[in-house]
Amino acid sequence: MSNFSTSTTNTEFNPLISLNWRGDRLELLDQRLLPESIVMLDLYTPEEIWDSIHSMKVRGAPAIGIAAAFGVVLGAGQYPNEDIAGWLENVKKVCDYLATSRPTAVNLFWALDRMYAAAVQLSEDPNYVSISSLNEGLVQEAIAIRAEDEEVCRRIGEHALPLFQDGMGVLTHCNAGGLATAKYGTATAPMYLAKEQGMKLKIFADETRPVLQGARLTAFELQQAGIDVTLITDNMAGMVMSKGWIQAVIVGTDRVAANGDVANKIGTYSVAVLAKAHGIPFYVACPMSTIDLNTPTGAHIPIEERAPEEVTEGFGKRTAPQGIKVFNPAFDVTPNEYVTAIITEKGIIRAPFDQNLKALYSEPIS
Ligand SMILES: CSC[C@@H](O)[C@@H](O)C(=O)COP(=O)(O)O
């Protein structure tokens with residue numbers, strides 16, 4: 001594994017933009033170092049992209065998909081020969097390799113499938129005869145995935161915004177923000193749009209143990225954007241709800257099963273149960289690329305388990321006894337009965353989710 005080169009701290013950093021294609025490399029914000037340091041990494045190989053996804057330098061379902069798409073570009077560009085069949089075989093190998101970086105976010109597999117389908121199509125197109133033109137075709141596909149994500153997130157925000165009113169308290173868990181997408185985020189998109197329109201929301205960000213995406217990322221990016229955000233630890237969510245401070249919960253997701261069960265960052269399920277107990281609507285915001293009709297229920301979603309050190313040394317020092325048994329699932333599944341609505345770029349879906357999710361695929365984007 002080669003070392004990544006790092007750009008110096010960028011003083012004009014825009015926290016909404018964490019992935020940039022630079023012609024020969026993917027420039028990527030190292031999210032693990034936030035908020036203390038803003039470091040952009042220059043990634044030149046699929047191995048570097050794999051490592052960045054696996055180690056969560058880039059994380060969040062849509063951002064993982066975008067990074068992987070550029071990983072395919074970088075892998076295709078390494079093919080040394082001029083034969084198209086060999087080029088296509090190499091693209092397939094790169095896609096299969098990148099697919100092993102993380103298991104839960106379906107956007108990863110969606111993006112890789114889309115890149116491979118584009119490669120097949122390009123390889124059959126008589127206008128693309130040289131390997132360099134095929135590689136350029138893949139660059140355009142990856143750029144399109146990134147650009148579409150930005151547009152999709154904005155649309156999610158537009159559809160979600162009417163669910164919120166001036167002065168509302170809104171709780172979110174993990175980071176489904178601009179850092180996790182091309183721009184705007186999914187759960188945070190209505191927060192940015194509300195800000196644009198002068199609507200004041202009071203956001204509560206769960207810290208999100210064990211990796212602290214809420215504290216490190218959501219609190220950071222909302223604060224940078226001038227949005228009213230209060231950080232709480234995960235075990236405070238019930239208390240702030242009981243005080244009447246929360247009128248809605250909105251989270252992102254890594255995969256929505258065909259029946260509307262939702263996998264998201266560990267702790268989301270507890271928040272959903274708490275929301276139901278307090279009569280608070282629980283919204284899930286995601287692009288269509290996060291909906292996986294091939295996964296029948298939440299029980300079929302592969303849940304990543306991560307290293308015990310995230311729990312025992314997550315704060316930079318040991319906080320548990322040596323040799324302790326640790327269970328560290330990165331995600332949990334919220335059953336559909338706790339989900340008030342799923343908000344996509346195509347609009348708002350409510351129960352019965354199995355029927356309404358299926359129907360959504362035949363509807364044009366409004
Ligand atoms: C728009 S991001 C949606 C989800 O990917 C997000 O809520 C989440 O759970 C991310 O988990 P992470 O482990 O940080 O990749």
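Ligands are counted one by one from 1 in listed order, and the atoms in each one are counted from 1 as well.
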Cation-pi check for F282 against K276: NZ or CZ below 6.0 Å from the six-membered ring centre and within 45 degrees of the axis, yes or no?
no
I'd like to know if the side chain of S37 reaches the main chain of V39, judged simply by a donor and an acceptor atom lying under 3.5 Å from each other, with no hydrogens or angles considered.
no
Tell me, yes or no, whether the heavy-atom count around Q165 atom CD, taken from other residues, nucleotides or ligands under 6.0 Å, exceeds 12.
no
Whether D206 side chain and D234 backbone form a donor-acceptor pair below 3.5 Å:
no
Show your working on side chain to side chain contact (heavy atoms under 4.5 Å, CB included) between I246 and V170 and close with a plain yes or no.
CA-CA 5 Å; I246 307 296; V170 180; over 6 Å; no
Per-pair distances, ligand 1 N/O vs protein N/O, less than 3.5 Å:
| from | atom 1 | to | atom 2 | distance (Å) |
| --- | --- | --- | --- | --- |
| ligand 1 | 5 (O) | A61 | N | 2.8 |
| ligand 1 | 5 (O) | D254 | OD1 | 3.0 |
| ligand 1 | 5 (O) | D254 | OD2 | 3.2 |
| ligand 1 | 7 (O) | N264 | OD1 | 2.6 |
| ligand 1 | 9 (O) | D254 | OD1 | 3.0 |
| ligand 1 | 9 (O) | N264 | OD1 | 2.9 |
| ligand 1 | 9 (O) | K265 | N | 3.2 |
| ligand 1 | 13 (O) | R102 | NH1 | 3.4 |
| ligand 1 | 13 (O) | R102 | NH2 | 2.8 |
| ligand 1 | 13 (O) | K265 | NZ | 2.7 |
| ligand 1 | 14 (O) | R59 | NE | 2.8 |
| ligand 1 | 14 (O) | R59 | NH2 | 3.2 |
| ligand 1 | 14 (O) | Q213 | NE2 | 2.9 |
| ligand 1 | 15 (O) | G60 | N | 3.0 |
| ligand 1 | 15 (O) | R102 | NH1 | 2.9 |

Would you please name every residue forming a ring-ring contact (aromatic ring centres under 6.0 Å, His included) with F70, sequence neighbours left out?
W21
